[in-house]
Amino acid sequence: MNDIQRFESLKTTIENDPTNFQARRELAVICLDMGFDMLALKHLNYLSKTFPDDPNLHFNVGICWEKLKHYNFALEEYKKAAALKEDEPDFIYNLALCYEAIGKDEEALIQFKRVVCLKNDDANSFFCIGCILSKQGNAEAAIKCFKKAIEYNYGDYFAHFHLANMYKKTGETDKAFEEYKKVIQLSEDYSWAYFNLGQIYYERGNIENAIIMLNMTIEKNPKDKEAYKLLTQAYIKINDIETAQQVLNEMKENLTESGDYYYLYAKIQEIKGDVKGYRKCLEFALKDTSSLSFNEYAVLKELKECPILPANEDDTEPAEAENIEFEDE
């Protein structure tokens, strides 16, 4: 009998005998498995009111509310479950997740620590503790927690990635580099790991490998604006202006025009000696400062220092005007 047949059979049983609690419990579990969260909640609420001292029922009610993103209701149910069975790590872990979901990190931290006291090899809790400590700026303690998470679950590439980020933040770039490589070994489609490797290569002056990693980033995630920006800068650095321009065109196609897009196009126009195009792009970059991550004052300084062509020379279109949709003021 498949789930749908079992669902229909249990439903009929309960319609004929509403006090058949075992059938109702089974139906609630099937509803959860099939994604019928509201229906599962209806039956579990009925059961939890009938059996208020059953911690598993409160726990499952909490799961329903959490899946429905009503975290405060879920929190209350997990509290009841944890109070009825204080040594159950799963109850406390879900309680901690709910505290974190509503922004109560300190309370979440306390509960995650309770979990590892009960179950000292709980990789998920060590990972969550590490994330909270990272947000709080406690890099040293966060690193220890991420390392613990990896010790108990080496295949958790999220833990490797967060550990790498912490190493990068603390200036331990070599360690960060190794962890990002492990992320790719464990999850070859994780684009952010490629980007961070590309960034490290770029900062070290290894432009060839930076380009490889950044192209991989875009292959895995064609919407990664930062990868397009850094890849454009990498090609500019090796004076491959044609490819840099192609990258910017791809960025425009996959994302949208932005202050960053126009600023990088300005640098290309500057190298090409197209003064009008250079100036126009700088002007457009400054029109959209909300999407300009380059220093606004530095860009403004460039614009002020940019030559203004005489009127008779300023009539020519920029060399790549077909790729830049200049609009009238």
Side-chain angles (χ1 to χ4, degrees), residues 157 161 164-165 168 177 180-181 183-185 187-296 298-300 302-303 306 316-328:
Y157 58 89
F161 182 76
N165 286 346
K168 193 176 178 187
F177 186 84
Y180 287 130
K181 288 203 298 185
V183 174
I184 292 172
Q185 290 167 5
S187 178
E188 62 180 19
D189 291 328
Y190 202 73
S191 66
W192 287 354
Y194 290 104
F195 174 78
N196 280 282
L197 285 170
Q199 192 175 51
I200 292 171
Y201 275 129
Y202 184 87
E203 289 168 355
R204 290 176 172 177
N206 189 336
I207 306 303
E208 182 179 351
N209 279 328
I211 287 171
I212 293 170
M213 290 295 111
L214 292 167
N215 273 310
M216 286 297 297
T217 305
I218 292 168
E219 179 183 321
K220 303 298 181 183
N221 179 17
K223 300 291 185 182
D224 192 324
K225 178 183 174 183
E226 295 304 313
Y228 285 112
K229 286 166 51 183
L230 192 56
L231 184 57
T232 301
Q233 291 171 282
Y235 280 122
I236 289 174
K237 193 171 276 287
I238 61 171
N239 206 33
D240 188 347
I241 305 306
E242 183 179 348
T243 307
Q245 188 167 302
Q246 289 172 3
V247 172
L248 274 182
N249 289 338
E250 188 180 343
M251 175 181 172
K252 177 181 175 181
E253 183 179 333
N254 288 310
L255 295 163
T256 184
E257 295 172 7
S258 63
D260 285 339
Y261 165 81
Y262 281 114
Y263 178 71
L264 289 169
Y265 233 125
K267 303 311 290 180
I268 289 174
Q269 302 295 67
E270 181 185 25
I271 292 168
K272 286 184 167 186
D274 184 347
V275 177
K276 180 182 178 182
Y278 175 43
R279 185 176 188 86
K280 278 285 187 182
C281 286
L282 289 176
E283 289 171 353
F284 271 76
L286 289 166
K287 278 185 177 181
D288 192 4
T289 54
S290 64
S291 62
L292 179 66
S293 63
F294 298 97
N295 187 288
E296 181 181 346
V299 178
L300 184 59
E302 276 192 60
L303 179 59
C306 179
T316 57
E317 288 295 317
E320 300 299 330
E322 68 274 12
N323 293 320
I324 308 173
E325 296 178 5
F326 293 123
E327 300 171 1
D328 293 331

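Note that the numbering runs from 1 along the sequence shown for the chain. Just so we're clear, the structure is a prediction, and the values are computed from it rather than from any experiment. Only heavy atoms go into these numbers, but all of them, side chains included; no hydrogens, no water, no symmetry mates.
- Side-chain N or O atoms of K223 include one that pairs as donor or acceptor with a backbone N or O of N254 at under 3.5 Å.
- The minimum heavy-atom distance linking C306 with Y278 is given by the pair SG-CD2, 3.6 Å.
- The closest side-chain donor-acceptor pair between N221 and Y190, if any, does not fall under 3.5 angstrom.
- If you take CG on D240 and CD on Q245, they are separated by 11.0 Å, rounding to the nearest 0.5 Å.
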Query raised in the report: Run the side chain to side chain contact (heavy atoms under 4.5 Å, CB included) check on I184 and L197 step by step: do they pass?
Result: CA-CA 10 Å; I184 292 172; L197 285 170; 3.3 Å; yes
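- Annotation: side chain of I218 is in contact with side chain of E250 (closest heavy-atom distance under 4.5 Å).
- If you take OG1 on T243 and CG on L248, they are separated by 11.5 Å, rounding to the nearest 0.5 Å.
- Of all heavy-atom pairs spanning L292 and A285, the tightest one is CD2-O, 4.0 Å.
- Annotation for A193 and V183: closest pair CB-CG1, 3.7 Å, computed over non-hydrogen atoms.
- Applying the ring-ring contact (aromatic ring centres under 6.0 Å, His included) test to Y263 and every residue at least two apart in sequence or in another chain returns F294.
- Between K287 and E283 there is no salt bridge, since no side-chain nitrogen of the basic residue lies less than 4.0 Å from a carboxylate oxygen of the acidic one.
- At distances below 3.5 Å, at least one donor-acceptor pair connects side-chain atoms of Y194 with backbone N or O atoms of E188.
- Listed by first and then second residue, the salt bridge (charged side-chain N to carboxylate O under 4.0 Å, His left out) pairs involving residues 197-220 are D174-R204, D189-K220 (not counting sequence neighbours).
- Residues satisfying the side chain to side chain contact (heavy atoms under 4.5 Å, CB included) test with E253, not counting sequence neighbours, are none.
- Nearest approach of L282 to A266, heavy atoms of both residues: CD2-CB, 3.8 Å.
- Contact record, Q269 with C281: CG-SG, 4.3 Å, taken as the closest heavy-atom pair.
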Requested in this report: Kindly determine whether E302 and K267 satisfy salt bridge (Lys or Arg N to Asp or Glu O under 4.0 Å), including the steps that lead there.
Outcome: CA-CA 10 Å; E302 276 192 60; K267 303 311 290 180; 3.0 Å; yes
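- Taking F177 as the reference, Y201 meet the ring-ring contact (aromatic ring centres under 6.0 Å, His included) condition, with sequence neighbours excluded.
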Please report, to 0.1 Å, the donor-acceptor pairs under 3.5 Å made by any side chain of residues 230-238, with sequence neighbours excluded.
unit_1	atom_1	unit_2	atom_2	d
T232	OG1	Y228	O	2.8
Y235	OH	N215	ND2	3.3

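- Applying the side chain to side chain contact (heavy atoms under 4.5 Å, CB included) rule to I212 yields the partners N209; only residues at least two apart in sequence or on another chain are considered.
- Nearest heavy-atom pair across M251 and S258 is CE-OG, 4.1 Å.
- Annotation: side chain of K252 is not in contact with side chain of Y262 (no heavy-atom distance under 4.5 Å).
- Partners of S291 by side chain to side chain donor-acceptor pair (under 3.5 Å), not counting sequence neighbours, listed by chain and number: D288.
- Among residues two or more places apart in sequence or in another chain, the salt bridge (Lys or Arg N to Asp or Glu O under 4.0 Å) test is passed with K225 by D260.
- Taking the six-membered ring where the residue is Trp, the centroids of F161 and Y157 are separated by 6.0 Å or more.
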**Report entry** From CA spacing to verdict: side chain to side chain contact (heavy atoms under 4.5 Å, CB included), I271, N239
**Finding:** CA-CA 9 Å; I271 292 168; N239 206 33; 4.2 Å; yes
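- D274 CG to K280 NZ: the interatomic distance, rounded to the nearest 0.5 Å, is 12.0 Å.
- The structure places NZ of K168 at 4.5 Å from OH of Y180, a figure rounded to the nearest 0.5 Å.
- In this view, E226 and F195, D224, K229 satisfy the side chain to side chain contact (heavy atoms under 4.5 Å, CB included) rule, not counting sequence neighbours.
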